[in-house]
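Labels below follow one simple rule: chain letters A, B, ... track the order of the sequence lines, proteins then strands, and each chain is numbered from 1.
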Amino acid sequence: MTPNYAVRTVAIVTLGFLILPVIIVIPMSFSSASSMSFPPPGLSLRWYSSFFGSSVWVSATITSAVLALISSTLGLLLGSMASYGLCRRRIMQRGIIESNFMAPMILPTIITAVALYIAFAKIGLLGTLIGLVMAHTILLVPYVMVVMNVAFRSFDLRQEQVSWTMGASWYTTMRRVVLPQLGPNLFAAWVFAFVHSFDEVVVTSFIAGTYNTVPKQMFSELILEISPTITAVATLLIAFTVASLAGATLIMKRSVQTV
Amino acid sequence: MATVSHTQTYRRKSWGAVFFILPLLILVVIGFDIPIVTIFNYSISSADGYSLDNFYELVTTPVFAKVALNTLRITVMTTVIVAIAGYILAYWISTLPKTGRMIALALVVLPFWISVLVRTYAWIVVLGNAGIVNKTLQSLGLTAAPISFLYNDLGVTIGMANIQLPLLVLPLYAALIRVDQRHMQAAASLGASKRVIFWRVFFPQTLKAYLAGIMLVTIVSIGFYITPAILGGGRVPMMSNVIETYINTVPRWELASAIAVILLFVTLGLFAIYRRLENRTGDEL
Amino acid sequence: MHRRSFNKMVVAAAVATLAHKVTGANAAVDELRLIEGGGLNGDAIDAAYSKAFTAKTGINVVRESPNPFGKLRALVESKDSSVTLYELGTASLQQAKALGLLEKLDWEKIAPLPMFPEARDDYGMGYQYYSTLMCWRKGEKPLKTWADFFNPKDYPGKRALADDPVYALPAALLAAGVPIGKLFPLDVDLAFQKLEEIKSSVSVWWKAGAQPPQLLRDNEVQYANAYSGRVVGQEGIDFTYNQANLSIGYLTVVKGSPPESVEAAYKFLHETTDPANQLIAAKVLPYSGNSPDFEKLLTAEQLPSFPTTASNKQVQHFSDQAWWLDNAATVQTRWQEFALNR
């Protein structure tokens, strides 16, 4: 069925509405003006040099990267293990356990933020790196599990069984049979987890203490000191997101072809 | 038989499910479940032991009812916009040729992965009194004075709808392309008009996925925090923002916890409906 | 990963946390933590006081922002002694005192240089004077009084007001015709009644000092109240000190701070009484320090833009600390209800 003129118009307008914020921010980051006007009166790289010249932004970027790296790796490990366990093993109360793992994705983040804020304050985890890593890992695990559940469910159990019958140890089975085939899924899950951690703002703002991440700094700037540096940060974030997702897609595709 | 016995050996000899699940379970119990229980505990505690005083205060103070209504209004407006525009967009994409589909889908997915902060912030630039929309309207002579889009319901709704759209469009698109085209061909060969084919044959087959998507948007909207905080100008408080105020400004954690507990139950209730819809969709396909 | 190594990791993490706590509590102080408002405010503290303090003591100052009142309660309630200094405003200082969240200051040990007596509180060092004044976009009809601000008919345009009863209530009462010398005790009912009248013209209730100048520049609002340091000397913005609120920003010591940290905090507070340091802070953000000698360091051109110079000080009003001590909690609650209803 070909859509009529009205449907097409509404759809295209909606698509434009969807991507408008993204295409507005990029040109503004190259603006020469210090006000937030669009279109920019002239072009310059001053907001990028202001970003890279600011110790606040640079250290926030490093904190974000380190935090996202640790959390996403830990989350990938724990999340895919749990996903494997839930898909492959018999477990009592499986539904409840799985819902428990997914809950941080479903509940409004403000609830998680407030709960962690109050609880972490009591046990001295507020403003610590350990507390931040715990929170981020818990928040990104559901995304890892969504990706890995699909992977494990579509992965043929008999392959493992064959390997086992042939006398391979569990470890060998994992290393030689399961992991090579799931590599792309693991990579995709890790990228999603990393991006998610890198973007997290609500919980981080509550529990980070003196740690400053890029989104936390952006959020406080949006409320405190609005400066066009923020458009440069936003553009860098867009570039980073697009690059990592494109990378993930590419690797997934390539490995699908080789398998 | 052989398979079964192998599976059993495999299961017995492995370290068991506990090994795989326990590490994450420990982390989630310490870092999530206990904190959630803590706010439950706060919500039912008052100066003299356990009581429902906090909930009583929420129910009897008119302003909280107003915030709840406010949250509901913004959620409904956002969901309606997303539901209408989202279906049309998903439908249009499903009719495109392959390359067109890929490009359109990529454009839908891209903002989904870009920081909510960035996307919210952009609306200040677009919708401000000196923003492009107002400048365009004025230079076209359509309006004399700038229209206030920001710092009101409209601004918050626009910002939220923008963020929620991919959440509906992506799963809905997946459902639309699975509809068997032969049904429509059959209807057409029987002489049904385009309109009838769409409403009587096509749309009913996508309804459950559509409702599931709408529920998902509702669930996420009702707990929104960032967008009303930035685009609301302190005038469009939603439940999440009030929780923040009662934690940070007023310090009445008991009351904040009580609001959080209410929001938690509302979300879980909506999610239960969503799961039911989603499972039914799954069964049919 | 083996379960054993996971256990190891948990143990290691626990040990690391404990070690951090133990060393934090016992070893010599090598860092002083301070929570303040954020933005330029923090830059001013860094440039003026932290730098001088670190040069003398070798102790690093670590800043954290912003400073919502709830965070102070979280620190005390969790017996978290990592943060020593906490910046508070007029109402929040009194609220904190009432809830017992602060350490009493030992003024002998602080040994301040000469300072204005009103800046000296048993629980807080008044380190900076700032005004909250009326301002507007250049080209709009200039305001003279709060009655003008509350009169959108004759002074058309959108408004932005501070989301804070300390500034909003006196402003509303002045608009209602209460004489500036008879503001306190505040007639809270009358103030809220007056605010109900103006609320439809207020498009933004701002929370951060940087917001009002930005909103004026973007033409989102035409009239606002703002912290003097944010609008004085800003291009395109006019202001008046008439009927403004003159307030003091306080640095306080968090209840339960270890004695070594408190000692360090006293040395830090001492630095805030030095007019030379105050001048450095004023270059970042034009607020007055607590030293009577501060003004002497200003040039004749700079004088009119600072909150405490004679001609400016006499047209403003001070907040009555004693009144706020008794009423801060109830007014805050009522303010939040108003906030949810506007």
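Expressed to the nearest 0.5 Å, how far CD1 of B:Ile247 lies from NZ of C:Lys71 amounts to 13.0 Å. For the atom pair B:Asn70 CG and C:Leu340 CG, the distance stands at 9.0 Å (nearest 0.5 Å).
Residue B:Thr249 comes nearest to C:Phe69 through the heavy atom pair O-CB, 3.8 Å, listed as atom of the first residue, atom of the second, then distance. A pairwise comparison of heavy atoms in B:Trp253 and C:Arg73 identifies N-NH1, 3.9 Å as the closest pair. The shortest non-hydrogen separation linking C:Asn219 to B:Asn129 is O-ND2, 2.7 Å. Contact record, C:Ala339 with B:Pro237: O-CG, 4.5 Å, taken as the closest heavy-atom pair.
Here B:Gly128 is the residue among B:Ser148, B:Gly128, B:Pro146, B:Gly131 with the most heavy-atom pairs under 4.5 Å with chain C. Between chain B and the residues C:Glu220, C:Glu337, C:Gln332, the most heavy-atom pairs under 4.5 angstrom are made by C:Glu220. For the set C:Asp163, C:Val202, C:Thr333, the entry with the most heavy-atom pairs within less than 4.5 Å of chain B is C:Val202.
Proximity to chain B is limited to the side chain of C:Leu215, based on heavy atoms less than 4.5 angstrom apart. In this structure, the portions of C:Ala74 lying under 4.5 Å from any heavy atom of chain B include both its backbone and its side chain.
Side chain to side chain, B:Lys66 and C:Asn341 meet the donor-acceptor criterion of an N or O pair below 3.5 Å.
A cation-pi arrangement is absent between B:Arg235 and C:Trp205 under the rule of less than 6.0 angstrom and at most 45 degrees off the ring axis.
When atom types are taken as modelled, the side chain of C:Gln336 and the backbone of B:Tyr246 share no donor-acceptor pair closer than 3.5 angstrom.
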